[in-house]
Structure formats: structure tokens, C-alpha cells
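Computed over heavy atoms, backbone and side chain alike; hydrogens, waters and symmetry mates excluded. Protein chains get the first letters and strands the later ones, always in sequence-line order, with residue 1 at the start of each.
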Protein chains: 2
Amino acid sequence: MQVALATAGLAPAHDAGRDERAPPSLWARDAAGAGSRRRVAAEEEIYAEGDRAVHFYKVMSGAVRTYRLLSDGRRQIDGFHLPGDIFGLEAGDERRAGADAVADTTLLAFRHGDRDALAGEAGALAREVVAAMLRALERAQDHMLLLGRKSARERVASFLLGLAGRAGSDGTVALPMSRADIADHLGLTIESVSRTFTGLERDGVIALSAQRRAVVLRDEAALRRLDA
Amino acid sequence: MQVALATAGLAPAHDAGRDERAPPSLWARDAAGAGSRRRVAAEEEIYAEGDRAVHFYKVMSGAVRTYRLLSDGRRQIDGFHLPGDIFGLEAGDERRAGADAVADTTLLAFRHGDRDALAGEAGALAREVVAAMLRALERAQDHMLLLGRKSARERVASFLLGLAGRAGSDGTVALPMSRADIADHLGLTIESVSRTFTGLERDGVIALSAQRRAVVLRDEAALRRLDA
DNA sequence: CGCGGTTTTGAAGCAGTTCAAGTAGCGTGG
DNA sequence: CCACGCTACTTGAACTGCTTCAAAACCGCG
């Protein structure tokens with residue numbers, strides 16, 4: 001039940017202006033296209049709201065959150081981005097959301113300007129970008145339904161199923177993000193998230209690992225029923 | 001604070017298959033491009049979730065809501081579409097949201113297939129479609145923040161300011177939609193919406209018309225403060 | 001082994017919901 | 001033209017799911 005991108009866009013490229021952050025020196029051409037590699041440590045900022053949008057990214061490893069803030073600090077994480085996901089596309093030339101690494105992360109960075117060039121030919125990346133945009137929109141819809149109309153238990157169920165569907169290998173789901181991140185994604189408090197996990201475990205629907213950062217889906221059918 | 005499109009997409013056109021509804025006979029070529037005119041009465045369905053997506057639309061007059069449903073009937077309206085807005089673009093060939101007219105409405109309908117043709121040249125419509133997609137994404141983000149983190153009063157304030165910004169001529173905002181529609185858009189109940197309106201009126205922030213379907217923004221600054 | 005951060009648990013509070021009337025606008029038909 | 005009946009909106013009162021505030025348990029780490 002994740003929402004994907006910050007915002008996607010086909011806006012004209014703005015190559016002028018300072019970059020969102022001093023671009024780290026760890027760049028290198030990559031085989032997977034025109035992207036440059038960038039490494040980000042856990043909890044490190046990738047870009048902030050208001051920054052000039054120069055690049056968009058593909059997650060190679062790790063996990064990223066994109067979020068918006070209210071003036072008093074309330075935060076809404078609109079999506080977690082896992083390996084393979086593209087994020088950071090913007091409609092305008094300014095960041096409408098912030099992004100930072102949830103865990104140690106490796107990214108592939110592309111200039112927004114390249115997109116247009118790439119769009120001309122039948123490049124694989126161009127398709128991927130368009131697909132990412134569309135997926136972002138669908139996820140945003142799903143997430144609005146979740147935030148507007150689902151109970152805490154339903155939200156957590158949707159979240160776990162969504163994660164399982166994306167990163168899920170077997171019935172075990174890794175939770176690279178903190179309870180606070182989950183809470184800010186699901187529109188709940190950390191206490192509610194924790195209590196909901198506990199409740200689902202008590203009911204035999206899930207099992208929590210000792211370190212609390214992984215979940216085993218014991219009764220996926222029950223979760224799907226909750227997903228309404 | 002509206003969210004715009006159902007979902008936007010550049011998916012390959014699927015000209016086969018039945019249309020979402022028997023296309024009404026009231027079609028006619030229009031000067032504004034390749035669109036055909038379609039009239040829809042208030043509360044009439046334009047298309048339903050699950051329908052094959054054949055057209056996308058531009059609102060000429062009236063108002064449209066696009067929404068998703070949970071199995072038990074809970075509804076989330078992801079956006080209201082006012083004159084000038086484009087909605088009904090889909091990533092896949094199936095409708096992920098339903099749409100119906102809030103009031104008597106006139107639409108301009110375009111085949112999804114046309115989009116690709118139009119995209120090739122530098123048509124005005126093509127630009128408009130892309131812009132609509134991007135706007136939809138930005139609005140979805142704003143709306144997720146609203147649904148996930150704002151109080152009832154803040155939600156209503158955002159909603160009114162959003163409407164004012166779009167359809168707003170002077171300080172008066174028309175509300176073509178019912179309280180139920182507003183509630184399902186803001187993730188509240190009709191009672192909460194009503195009480196919040198009443199509360200804002202009591203505090204001199206807004207004034208409600210006699211028929212309750214229009215609002216005067218008496219203290220826009222106060223609303224903006226609430227918008228956080 | 002003790003410290004700092006995260007997660008869980010507990011208890012009280014409250015914003016918004018739910019259930020239940022009451023009121024008002026409006027089209028219909030007498 | 002007004003009474004009727006319908007539907008939409010508002011208001012009231014009680015309830016509750018989630019939050020808030022507080023503290024305990026757990027974990028990783030030096």
C-alpha cells in the first residue's frame with residue numbers, strides 16, 4: 001500500500017541553479033544507462049523540500065522515504081522506495097517533498113534534463129520513468145483511500161501486504177523503517193502502530209521478529225480480509 | 001486542496017472491447033480539438049470502477065467526482081473536477097476509480113488512443129494531458145498530507161481555499177457537491193463537516209448561504225493560518 | 001554493565017464518530 | 001398557493017478508536 005514518487009514530471013529541464021545538495025563526490029558512470037551512482041547513509045538527507053530539482057533517482061539498494069511537512073512538524077510520508085523504484089521526478093523545478101534514506105542506500109541518479117532526450121527514442125529508461133509516474137499515481141489513490149477511510153488495523157494490514165508484494169520473497173517482510181516512519185506513512189502515531197502490531201501478533205495473524213524489524217505473515221488470508 | 005485525476009496514463013490504446021457505458025447518443029465534433037461532447041445529468045454515472053477505459057474527459061461545465069470504494073461501501077473521493085479539468089486518464093485499460101456527475105455537466109470526451117497520436121506533434125491537448133497528469137500527482141500529495149495529518153477544521157479550511165483558488169471568482173465559493181461528497185473527500189463524516197462549517201461560521205471565518213451550497217470567505221487569513 | 005535510543009505497554013483524554021432527532025429547503029400535487 | 005413529503009443539512013448526546021502523556025522493557029553498543 002505504498003505511494004510511490006514524490007512527484008513525477010515532464011517539465012522542461014532547468015540545468016541552471018545550484019543542486020539540491022552539494023552532489024557527493026561518489027559518482028561514477030553506470031552500465032544501467034546514463035545514471036551516476038550515489039551512496040547515502042541511513043537517515044541522511046537526499047534532498048529537501050524547496051530544493052531545486054536537478055536529478056531523479058532509481059533505488060539500487062536500501063530504502064528511501066519521501067515526505068511532506070506541515071509548519072508545526074507534522075509529517076506525512078507519501079511513500080517508501082525500495083530497490084528498483086524510481087523517485088524524485090518533479091512537475092516543476094522545485095522539490096515539493098523531501099527525501100531521505102531510511103537505511104544505507106545506493107542510488108542511480110539521472111538529470112531531469114536527460115529525460116526529454118531519452119523520451120525521444122524508445123529507451124528502456126524512458127518507459128521506466130513513465131511507468132514509475134503512473135504507478136505513483138495509482139499508489140497515491142490507494143493511499144488516499146487508506147488514509148481517508150481505513151481503520152488502524154486495516155492500514156497496517158494494507159501496509160504489510162504492500163511491502164510483501166514488493167519486497168516480499170517468502171512470507172517474511174523486512175521493515176527497514178522505524179515505527180515513526182510507519183506511523184507517518186499510515187497517518188497514525190507510533191503507539192498505535194505498535195499496539196496494532198501487537199494485536200495482530202496476539203491474534204496469530206503475524207509474528208514479529210525479536211528485533212521488531214521483520215514480520216512473518218502467518219495468516220495472509222486474514223490480512224487480505226482486513227485489506228477490505 | 002483537491003486531488004485531480006482518477007489516474008493518468010500513457011498505456012497503449014485498447015480500442016477493442018465494450019465501452020464503459022453505452023456511449024450516449026449526444027455526441028458532436030467540437031472545435032476545441034478532437035473531442036466529442038457528452039452531457040451528463042446530476043448524480044449520473046460517467047463510468048464505474050472496473051469498466052474498460054476508452055475515453056478521458058475535459059470538464060466544460062458542471063462538476064465531477066472520481067472515487068474509490070471499499071467492499072463495505074466506504075468511499076473516498078479523490079477529487080472533484082471543475083470546468084477546465086481533465087480526468088479519466090488511466091494507466092491500464094481498466095478503470096481504477098469510478099466517476100459521476102455532481103451536477104448537470106458537459107464533458108468533452110477523447111479516446112485514449114488519440115493521446116498517443118496527439119503526443120507526437122506539439123498539440124495543445126497533448127501538453128494539457130501531461131500537465132493534468134502532473135497536477136493530479138501534486139494534488140494527490142497535498143491530499144495525502146491532509147488526510148494523514150490534518151484536523152477536521154484544517155481539512156475544511158484547505159478544501160475551501162482549494163476550491164476558491166480554482167473556481168473562486170470573488171470571496172464566494174460555490175459548493176456544487178453535497179455534504180456527503182465533501183465528507184468522503186476529506187475523510188470525515190457528514191456530521192463533522194456540518195459541525196465544522198457551523199463552527200467556522202460562528203467564529204466569523206466564513207458565512208454560509210441560506211441554501212447552504214455557497215460559502216463566503218470572511219477571513220481568508222484565518223483560513224490560511226489553519227491551512228498550516 | 002551501563003547508556004541512549006527505540007519499541008512496547010498502561011492509563012487517561014479527546015476529536016471525531018455514531019446514533020438519534022430536529023429543522024429547513026424544495027418539488028409535487030391538491 | 002399552500003400542505004405534504006422527501007431529502008439534505010444541522011444539532012444533540014453518548015460513545016469509541018486513536019491520541020496523548022507517562023513509564024517500563026528491550027536492544028544495540030561502547
### Query
What is the distance, rounded to the nearest whole Å, between atom CD1 of A:Ile190 and atom P of C:dT8?
10 Å
### Message
Between the opening five pairs and the closing five pairs of the helix from C:dC1-D:dG30 to C:dG30-D:dC1, how far apart are the helix axes, to 10°?
### Response
30°
### Task
Would you mind reading off the distance between B:Arg212 atom CZ and C:dT23 atom P, rounded to a whole angstrom?
15 Å
### Task
Report the residues that fulfil side-chain hydrogen bond (donor to acceptor under 3.5 Å, both in side chains) with B:Glu49, sequence neighbours left out, ordered by chain and then residue number.
none
### Query
Looking at residues at least two apart in the chain, or sitting in another chain, which of them share a side-chain hydrogen bond (donor to acceptor under 3.5 Å, both in side chains) with B:Thr198?
none
### Task
Whole angstrom is fine here: how far is it from CG in A:Asp181 over to P in C:dG5?
17 Å
### Query
Does anything in residues 188-200 of chain B pair up under salt bridge (charged side-chain N to carboxylate O under 4.0 Å, His left out), and if so which pairs, sequence neighbours excluded?
none
### Task
Using side-chain hydrogen bond (donor to acceptor under 3.5 Å, both in side chains) as the criterion, list what pairs up with A:Ser194, not counting sequence neighbours.
none
### Query
Are more than 12 heavy atoms from other residues, nucleotides or ligands located less than 6.0 Å from atom CZ of A:Arg212?
yes
### Task
Would you mind telling me which residue lines up with the more 5' stretch of DNA chain D, A:Thr189 or A:Ala210, judged by nearest nucleotide?
A:Thr189
### Query
Which pairs pass side chain to side chain donor-acceptor pair (under 3.5 Å) with one or both residues in residues 98-109 of chain A, sequence neighbours excluded?
A:Arg39-A:Thr106, A:Ser61-A:Thr106, A:Arg65-A:Asp100, A:Tyr67-A:Asp100
### Summary
Whole-Å distance, A:Arg213 CZ to C:dT7 C1', equals 9 Å
### Query
Between A:Ile206 (CD1) and C:dT7 (P), how many Å, whole number?
14 Å
### Message
Angle between ring planes, A:His185 versus A:His143, binned at 30° and 60°: parallel, tilted or perpendicular?
### Response
parallel
#### Entry: Leading and trailing nucleotides of DNA chain D with any atom under 4.0 Å from heavy atoms of chain B
D:dA8 to D:dA13
#### Entry: Residues from residues 191-199 of chain B lying under 4.0 Å of DNA chain D - heavy atoms
B:Glu191, B:Ser194, B:Arg195, B:Thr198
### Query
Base, sugar-phosphate, or nothing: which does B:Arg153 touch, judged by heavy atoms less than 4.0 Å apart?
nothing
### Task
For A:Asp72, enumerate each residue passing the salt bridge (charged side-chain N to carboxylate O under 4.0 Å, His left out) test, keeping only those at least two apart in sequence or located in another chain.
A:Arg74
### Query
Can you list the residues that meet the side-chain hydrogen bond (donor to acceptor under 3.5 Å, both in side chains) rule with A:Arg75, with sequence neighbours excluded?
A:Asp181, A:Asp184
### Message
On DNA chain C, does the nearest nucleotide to A:Gln211 precede the nearest nucleotide to A:Arg149 from the 5' side, or the other way round? Give the residue.
### Response
A:Gln211
### Summary
Whole-Å distance, B:Leu208 CG to C:dT23 C1', equals 15 Å
### Task
Check every strand shown and say whether B:Leu188 touches a base, only sugar-phosphate, or nothing at a heavy-atom separation below 4.0 Å.
sugar-phosphate
### Task
With sequence neighbours left out, write down each residue that passes salt bridge (charged side-chain N to carboxylate O under 4.0 Å, His left out) with B:Glu94, or none if nothing qualifies.
none
### Task
In whole angstrom, give the distance that lies between atom CD1 of A:Ile182 and atom C1' of C:dT8.
14 Å
## Note on the structure
Sorted by chain and residue number, the salt bridge (charged side-chain N to carboxylate O under 4.0 Å, His left out) partners of B:Arg153 (sequence neighbours excluded) come out as B:Asp203
